[in-house]
Amino acid sequence: MKITAAVVDELHGSFGLRDVLLDEPRPGEVLVRVAATGICHTDSITRHGDLPFPLPGVLGHEGAGVVEALGPGVDHVQVGDHVVLGWPWCGACRNCLDGQPRYCLRLTDLLVGGRRPDGSTALRDLDGTPLSSHFFGQSSFATRAVVPARGLVPVAPDLPLDLLGPLACGLSTGAGAVLNVLRPHAGSALVVYGAGSVGLAAIMAARNTGATRVIAVDRHASRLSLASRFGATDTIEATGTDPVAAVHEICGGPADFSLECTGVVAVCRQAADSVGMRGVCALVGGAPAGATIELDHLSTLWGKRIIGILGGEGRSIPLITTLIELHRQGRFPFDELVTHFPFERIEEAFAAAHSGAVLKPVLRMS
């Protein structure tokens, strides 16, 4: 069928809206009419080559919409269901079977291979030229997407689809890192580096734990103000300040947990230095390809753990449905992070996110 998609034709290229052709769903796939999709930092670094994805192609990986057609063998969703488009996973490797599909052994190909597992693509230009598809299993910068049914998260039809897409990646990354992995214990201290949408989601999640110190570090006073509103007990403006020393002063020593959400190499080291013996530093920010981090061997040897976390870990359905229920209860107000843009203003939305004018742009499809 003919759909409208935002196509990136070349490295560093713009998102150009044009008509393209989309396959019908194949076995195990579903056709979804995309209602809205979030814009994530990962989309930006991918078009600039820091995350390899074959171009020309269609990005977008925070989609939500309505099921329009089912491929053969799909029985856990029905036409008309409202869904969030979660990450793909193979379902057969040891990590998937162990309940950790975010670490599927086929993840690289499924996220950024640009093709189905059999090498085919779901998208073509009108002249038949193939376009890379299935970015994070969806390529949702389009009015419709063919996606693996396994990654779908059904949601109640009364929920606003134009808010839910960011739960597929950015917001789940921050909140899941706290709720699924770090799990701050009673009386603990957590420091979050970067108060963008991922970091603020982590702070909202931390407010639902036993942590009694939640420290936000950022260069922008406006974001630190939001962090305080969403649950940070302390804030540190990083410009002209040694944030590690400030963390140690607030905590009377190292923090118990740190979460690095910026992907800036120097900040990764600060996050590692903010925790001490038996402390845990988690890295979730997307650094440029090939980036390396230098750590102090002796201090790390003394029980300090440096871990990477993809997508908040765990399974999409329990994590996303939990965040939705917390939102219903007023305990995870992620809607306050969202600014909507019409699909045709996608470049403006990216520019607003890059400048810091908005925290989480979401594109509404016409």
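Quick note: numbers below take in every heavy atom, side chains included, and nothing from hydrogens, waters or symmetry partners.
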- Common cluster, Val178/Val275, ILVMFWY with side-chain heavy-atom separation under 4.5 Å: no
- Query: Any side-chain donor-acceptor pair under 3.5 Å between Ser258 and Glu260?
  - Reply: no
- May I ask you to check whether over 12 heavy atoms, not counting those of Glu348, lie within 6.0 Å of atom CD? yes
- Message: So does His220 get a backbone contact from the side chain of Asp218, meaning a donor-acceptor N/O pair under 3.5 Å?
- Response: yes
- Are Leu167 and Ile39 connected in a single hydrophobic cluster, I mean Ile/Leu/Val/Met/Phe/Trp/Tyr linked by side-chain heavy atoms less than 4.5 Å apart? yes
- Return the minimal non-hydrogen interatomic distance between Val198 and Cys261, and the atom names on each side. CG1-SG, 4.0 Å
- Arg102 to Trp87 six-membered ring, cation-pi geometry met (6.0 Å, 45°): yes
- When you look at Val8 and Phe53, which way does the side chain to side chain contact (heavy atoms under 4.5 Å, CB included) test go after all the steps? CA-CA 11 Å; Val8 178; Phe53 181 74; over 6 Å; no
- Distance-only, no hydrogens or angles: does the Glu344 side chain make a donor-acceptor pair with backbone N or O of Leu17 under 3.5 Å? no
- Message: Membership question, hydrophobic clusters at under 4.5 Å side-chain separation (ILVMFWY): are Val214 and Val181 in the same one?
- Response: yes
- Task: With the side chain counted from C-beta on, respond yes when Thr46 and Phe135 share a heavy-atom pair under 4.5 Å apart, and no when they do not.
- Result: yes
- Query: Which residue pairs pass the side chain to side chain donor-acceptor pair (under 3.5 Å) test with at least one member in residues 48-63, sequence neighbours excluded?
  - Reply: His12-His48, Asp43-His61, Glu62-Lys360
- Message: Grouping I, L, V, M, F, W and Y whenever their side-chain heavy atoms are under 4.5 Å apart, do Ile324 and Val338 come out in a common cluster?
- Response: yes
- Could you tell me whether the side chains of Thr239 and Glu237 share a donor-acceptor contact shorter than 3.5 Å? no
- Message: Checking side-chain polar atoms at under 3.5 Å, does Arg116 have a donor or acceptor matched by the opposite partner on Ser133?
- Response: no
- Task: Give, for atom OG1 of Thr322 and atom CZ of Arg331, the distance between the pair rounded to the nearest 0.5 Å.
- Result: 10.5 Å
- Donor-acceptor under 3.5 Å (Gln100 side chain, Asn95 main chain): no
- Task: Take Arg18 and Asp125 through the salt bridge (charged side-chain N to carboxylate O under 4.0 Å, His left out) test and state the conclusion after the steps.
- Result: CA-CA 9 Å; Arg18 64 178 186 250; Asp125 264 322; 2.9 Å; yes
- Message: Is any side-chain heavy atom of Val362 closer than 4.5 Å to one of Thr339?
- Response: no
- Item | Distance-only donor-acceptor check, side chains Arg124 and Thr129, under 3.5 Å | no
- In one Ile/Leu/Val/Met/Phe/Trp/Tyr side-chain cluster, 4.5 Å: Val192, Val280: yes
- Message: Applying salt bridge (charged side-chain N to carboxylate O under 4.0 Å, His left out) to Arg47 and Glu347, what does each step give before you reach the verdict?
- Response: CA-CA 12 Å; Arg47 76 156 152 174; Glu347 283 289 353; 3.2 Å; yes
- What about the rings of Phe350 and His41, do their centers lie closer together than 6.0 Å? no
- Please tell me if the side chains of Ile3 and Asp19 come closer than 4.5 Å, counting only heavy atoms from C-beta onward. no
- For Ile203 and Ala232, which heavy atoms make the closest approach, and how far apart are they? CG2-N, 3.5 Å
- Would you please name every residue forming a salt bridge (charged side-chain N to carboxylate O under 4.0 Å, His left out) with Asp81, sequence neighbours left out? none
- Query: Is any side-chain heavy atom of Arg115 less than 4.5 Å from a side-chain heavy atom of Ser132?
  - Reply: yes
- Mind checking who shares a hydrophobic cluster with Ile236, ILVMFWY linked at side-chain heavy-atom distances under 4.5 Å? Val191, Tyr193, Ile215, Val217, Val244, Val247, Ile250, Val264, Val267
- Query: If you look at every heavy atom in Leu163 and Phe334, which pair is closest and at what distance?
  - Reply: O-CE1, 3.2 Å
- Message: Would Arg207 pass as a cation-pi partner of Phe332, given that its NZ or CZ must be under 6.0 Å from the six-membered ring centre and within 45 degrees of the axis?
- Response: no
- Message: To the closest 0.5 Å, what do you measure between OG1 (Thr321) and CZ (Arg315)?
- Response: 12.5 Å
